[in-house]
2 protein chains.
Amino acid sequence: MLLSKSCVYGLRASLFLASREQGEFIPIRTMSDKLEISFHFLTKILQQLTAEGILESFKGPNGGVRLTKPGSEVPLMDIVLAIDGSQLLTECALGLPGCGIKNPCPLHDKWAETRDAIREMLEHTTLTELVNKGKAENLRLTTEGGFDILFDD
Amino acid sequence: MLLSKSCVYGLRASLFLASREQGEFIPIRTMSDKLEISFHFLTKILQQLTAEGILESFKGPNGGVRLTKPGSEVPLMDIVLAIDGSQLLTECALGLPGCGIKNPCPLHDKWAETRDAIREMLEHTTLTELVNKGKAENLRLTTEGGFDILFDD
DNA sequence: GGTTATTGAGACTCCTTTGTCTTAAAATAA
DNA sequence: TTATTTTAAGACAAAGGAGTCTCAATAACC
Ligand code: SF4
Ligand code: SF4
């Protein structure tokens, strides 16, 4: 898989957060229920995002997590880097150790192109962009429901 | 990672085979030594390629494996499909189950573009193409050596 | 202060991928 | 026929990713 499961869950939760009013703390339990993700697992993932400064958290009643920046300033890349690290964009198609451009393998040129396409996509797509699209067309973030299910509290 | 380790090993071994004269059986032991891959592990991987008809094998002295077709007719895609399956090209960025274009997630359009770039690359690159490039520029297939190490028997 | 709601941290289990090992089957050669 | 070289098949172990559970820490509310 391109992205790990943790990463995908992190992205979905981030989209959820970006779809809410900024500044509002959302309990992880709410997200895990709506997004159909194990609560404890999602908690661990979001802790990583908090540690990276992408989210901030607040304990106790009315607590939860929220984005530290408006979703329009958060490219998908930030979340991918925080959870999966940079392997996808630095590591290589043939996985040869210690490889740079100095001593390339035959696949390098073609792979570099493809990899750049992936990088571009992740860097130039923001949470808000996807949220707007998702709201407009009622696209889905979960197995069954459309984007709107996130809002019938 | 984009490709599994098994898949990468399968690709490297296939490049090795494509670099030899067609029709020649190469013992797996020779490849595992040159490519620095565990013999038993590589054997299992190549068995998959044999089962898929990409390779054919011959037992006993002077036995080994070889490509069933000239390397110029084998796109990387064939090997990737045989080992990793079609997930990479059919499965989706957000990994929602049972997803097609009917009920897409917000990432679908962007991801579909990127995925097509990967598909194009794998479909339009053949083993022979990479071998020619590798021979011409002495590119590497292993940690240390250049392409030429494959030939000092 | 005590109870409740929430995140934080870590141990633990489960499953898949990766890798090793052993034995069988086939082909050759002496 | 017997020994040797090779692939085939499958059991097994090790490592990492995915997921569960428990307990502590913090904040709000009564
Ligand atoms: S040459 Fe490029 S694609 Fe090939 S192993 Fe090195 S960095 Fe990766
Ligand atoms: S909409 Fe497209 S990218 Fe999103 S989960 Fe479905 S198939 Fe995958």
Side-chain angles (χ1 to χ4, degrees), chain A residues 1-13 17 24-68 80 82-85 87-88 91 94-95 97 153, chain B residues 1-13 17 24-33 35-68 80 82-85 87-88 91 94-95 97:
Chain A
M1 248 193 312
L2 190 77
L3 303 175
S4 71
K5 227 133 193 252
S6 296
C7 190
V8 164
Y9 291 162
L11 280 172
R12 288 209 263 150
L17 289 173
E24 185 186 5
F25 283 107
I26 311 284
I28 300 177
R29 174 72 69 183
T30 304
M31 288 194 279
S32 68
D33 286 351
K34 299 259 186 189
L35 296 174
E36 297 165 11
I37 301 171
S38 146
F39 167 69
H40 291 289
F41 194 29
L42 183 58
T43 296
K44 271 208 306 198
I45 295 163
L46 296 190
Q47 276 172 16
Q48 295 181 67
L49 294 181
T50 304
E52 295 289 328
I54 294 170
L55 302 184
E56 52 194 354
S57 66
F58 193 79
K59 287 177 186 168
N62 305 317
V65 296
R66 69 181 178 195
L67 291 167
T68 53
V80 172
I83 297 178
D84 277 355
Q87 316 150 359
L88 180 63
E91 254 187 21
L94 289 194
D153 299 299
Chain B
M1 247 195 311
L2 189 80
L3 303 175
S4 71
K5 231 140 189 238
S6 296
C7 190
V8 164
Y9 292 162
L11 280 172
R12 288 209 263 150
L17 289 172
E24 185 187 4
F25 282 107
I26 311 284
I28 300 177
R29 175 71 69 181
T30 304
M31 288 194 281
S32 70
D33 286 350
L35 296 175
E36 297 164 10
I37 301 171
S38 146
F39 166 69
H40 291 289
F41 194 30
L42 183 57
T43 296
K44 272 208 304 198
I45 295 164
L46 297 189
Q47 277 171 16
Q48 295 180 67
L49 295 181
T50 304
E52 294 289 328
I54 293 171
L55 302 183
E56 53 195 354
S57 66
F58 194 77
K59 287 176 187 170
N62 306 317
V65 296
R66 69 181 178 195
L67 290 168
T68 53
V80 172
I83 297 176
D84 277 354
Q87 316 151 358
L88 179 63
E91 254 187 21
L94 289 194

How many angstroms lie between atom CD1 of B:I83 and atom NZ of B:K5, to the nearest 0.5 angstrom? 14.0 Å
side-chain N/O A:K5 vs D:dG19 OP1/OP2, d < 4.0 Å: yes
Just the rounded figure in Å: distance from P of D:dG19 to CD of A:Q48. 13 Å
Begin with the C-alpha distance, continue with both residues' side-chain angles, and end with the deciding distance and a verdict on side-chain contact (heavy atoms from CB on, under 4.5 Å) for B:L55 and B:T68. CA-CA 5 Å; B:L55 302 183; B:T68 53; 5.6 Å; no
Could you state the CZ-C1' distance from A:R29 to D:dC21, rounded to the nearest angstrom? 12 Å
Minimal non-hydrogen separation, A:I54 against A:A82, with atom names: CD1-CB, 3.8 Å
If you assign each of B:G63 and A:G60 to its closest nucleotide in DNA chain D, which residue comes earlier from the 5' end? B:G63
So A:I28, base contact, sugar-phosphate only, or nothing? Heavy-atom distance under 4.0 Å. sugar-phosphate
B:Q47 atom CD is separated from C:dT18 atom P, nearest whole Å, by 17 Å
So A:F58, base contact, sugar-phosphate only, or nothing? Heavy-atom distance under 4.0 Å. sugar-phosphate
Between P of C:dT7 and NZ of A:K59, the distance in whole Å: 10 Å
Assert: residue with more 5' nearest nucleotide on DNA chain C, out of A:K44 and A:P61, is A:P61
Whole-Å distance between D:dG16 P and A:Q87 CD? 12 Å
Ignoring backbone atoms, test whether B:S4 places a side-chain nitrogen or oxygen under 4.0 Å from the OP1 or OP2 oxygen of C:dT17. no
Between A:E56 and A:R66, is the closest basic N to carboxylate O distance under 4.0 Å? yes
Does B:T43 have a side-chain nitrogen or oxygen under 4.0 Å from the phosphate oxygens OP1 or OP2 of D:dA8? no
Would you tell me if any nitrogen or oxygen in the side chain of A:T50 comes within less than 4.0 Å of OP1 or OP2 on C:dT7? no
OP1 or OP2 of D:dA18 under 4.0 Å from side-chain N/O of A:Y9: no
Nearest heavy-atom neighbours spanning A:S57 and A:F25: C-CE2, 3.9 Å
Taking atom P of D:dC21 as reference, at what distance in whole Å does atom CG of A:L42 sit? 16 Å
How many Å lie between CZ on A:R66 and P on C:dT6, as a whole number? 16 Å
Would you say A:S6 reaches D:dG17's phosphate, i.e. side-chain N/O to OP1/OP2 under 4.0 Å? no
Rounded to whole Å, please give me the gap between NE2 in A:H40 and C1' in C:dC12. 13 Å
